[in-house]
Amino acid sequence: MKDTAKHQGLRNQLVKLLQEKGIMDKNVLNAINKIPRHLFLNSSFEDYAYQDKAFPIGAGQTISQPFTVAFQSQLLEIKKDHKILEIGTGSGYQTAVLCLMGAKVFTVERQKELFKQTSVLLPKLGICPKHLSFGDGYKGLPNHAPFDSIIVTAGAPIIPKPLMAQLKIGGRLIIPVGDENQIMTMLIRKNETKFEKHEFGDFKFVPLLQDRN
């Protein structure tokens, strides 16, 4: 598991590209600059690891393009020790970004193959989420709620009610909503019953699957 000066140079270039695309949160950029994204991909894709593209990771899933990871992370406005629920661990790359930003990350993955891979990879890289579980992301993690923020890394046709219920007042839920293409959506919880909604344009994610063991 090598991380070379060449890889660091490619990360520096990627960070510059993300800045040109409007990512300004230094916490996000620093995390992306430190994390060896090539180690989250199949080695046959290593030459493409620092391009701003999504790539297959197995089980019909993808690792999101770096801009998408950075954009969602920036919307969260993470402070140190924020308790974050991530729905869709996938490759673990987004998890790693959140951890390096200082968050306490609780993450759920429903694909057994990816869950097993990530459970091994993250500790090898010295990245330790608070809780990594295999299960149905639609349900969230009620036993660990409430959360300062929630991030969903798959497209959902609707915003799952259980996730809204697990958000602290003042917290943010970042979720791509739609079928074929999704609109990046942020809900801010104002009180027990009221949420403020913001939309940030079109993105494309794999679908958020429900109720499959």
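- Of the possible polar contacts, one joining the Q166 side chain to the P162 backbone as a donor-acceptor pair under 3.5 Å is found.
- Of all the heavy atoms in T193 and N191, the pair that sits closest is N-OD1, 2.9 Å.
- Taking 4.5 Å as the limit, every side-chain heavy atom of I183 sits out of range of all side-chain heavy atoms of V177.
- Judged purely by distance below 3.5 Å, without hydrogens or angles, the side chains of N33 and Q8 pair a donor atom with an acceptor atom.
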Passes side chain to side chain contact (heavy atoms under 4.5 Å, CB included), S133 versus L141? Steps please. CA-CA 9 Å; S133 66; L141 289 174; 3.7 Å; yes
Derivation of the side chain to side chain contact (heavy atoms under 4.5 Å, CB included) call for K112 and F134: CA-CA 7 Å; K112 185 70 105 174; F134 173 68; 3.7 Å; yes
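- Of all the heavy atoms in I188 and G170, the pair that sits closest is CG2-O, 4.2 Å.
- Here CD of Q72 is found 7.5 Å from CZ of F203. Values are rounded to the nearest 0.5 Å.
- For the atom pair CG (L132) and OG1 (T89), the distance works out to 5.0 Å, reported to the nearest 0.5 Å.
- Counted by atom type alone, E86 and T107 present one or more donor-acceptor pairs between their side chains at under 3.5 Å.
- Scanning for side-chain hydrogen bond (donor to acceptor under 3.5 Å, both in side chains) contacts around Q94 gives S73, with sequence neighbours left out.
- In terms of heavy-atom proximity, I127 sits nearest to A96 at CD1-CB, 3.4 Å.
- Between F106 and H144, the ring planes lie tilted relative to each other; the angle falls in the 30° to 60° range.
- Counting only N and O atoms by type, the side chains of R37 and Y93 include no donor and acceptor under 3.5 Å apart.
- Within the 4.5 Å cutoff, the side chain of S64 has no heavy atoms near those of the F55 side chain.
- Taking all atoms of both residues into account, the shortest heavy-atom contact from G90 to L114 is O-CB, 3.9 Å.
- Taking 4.5 Å as the limit, some side-chain heavy atom of L121 sits within range of a side-chain heavy atom of F40.
- Atom NZ of K116 has 12 or fewer heavy atoms from other residues, nucleotides or ligands within 6.0 Å.
- Ring geometry for F71 against F67 counts as tilted: the plane angle lies between 30° and 60°, on a 0 to 90° scale.
- No side-chain heavy atom of D25 sits under 4.5 Å from any side-chain heavy atom of L29.
- Between the CZ atom in R189 and the CD1 atom in I150 there is a gap of 9.0 Å [rounded to 0.5 Å].
- With contacts defined as side-chain heavy-atom distances shorter than 4.5 Å, the pair C99/P129 qualifies.
- For the pair K190 and F195, the cation-pi test (distance below 6.0 Å, angle within 45°) is failed.
- Side-chain atoms of H131 never come within 3.5 Å of backbone atoms of L85 as a donor-acceptor pair (strictly under, hydrogens ignored).
- In this structure a side-chain-to-backbone donor-acceptor pair under 3.5 Å is present from T4 to H7.
- Contact annotation: the side chain of H38 approaches that of R11 to within less than 4.5 Å [non-hydrogen atoms, C-beta and beyond].
- Atom CD1 in I159 sits 4.0 Å away from atom CG in L187 (nearest 0.5 Å).
- Note on residues 145-154: pairs passing side-chain hydrogen bond (donor to acceptor under 3.5 Å, both in side chains), not counting sequence neighbours, are D148-K168.
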Going through the checks in order, is the side chain to side chain contact (heavy atoms under 4.5 Å, CB included) test met by M186 and L173? CA-CA 5 Å; M186 176 171 70; L173 168 59; over 6 Å; no
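- One hydrophobic cluster, built from ILVMFWY side chains closer than 4.5 Å, cannot hold both I169 and M164; they sit in different ones.
- Using a 4.5 Å heavy-atom threshold, the side chains of F200 and T185 count as separate.
- Using a cutoff of 4.0 Å between basic side-chain nitrogens and carboxylate oxygens, K194 and E196 are not scored as salt-bridged.
- Remark: K124 NZ to L39 CG distance equals 10.0 Å, nearest 0.5 Å.
- Nearest approach of L18 to A70, heavy atoms of both residues: CD1-CB, 4.2 Å.
- Note that CD of Q111 is 6.0 Å distant from CD of E109, once rounded to the nearest 0.5 Å.
- Across all their heavy atoms, G135 and V108 have their closest contact at O-CG1, 3.6 Å.
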The test is side chain to side chain contact (heavy atoms under 4.5 Å, CB included); show your working for V152 and I174 and say whether it passes. CA-CA 6 Å; V152 180; I174 313 296; over 6 Å; no
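- Side-chain contact between I84 and I78 is present, with at least one heavy-atom pair separated by less than 4.5 Å.
- At distances below 3.5 Å, at least one donor-acceptor pair connects side-chain atoms of Q182 with backbone N or O atoms of D179.
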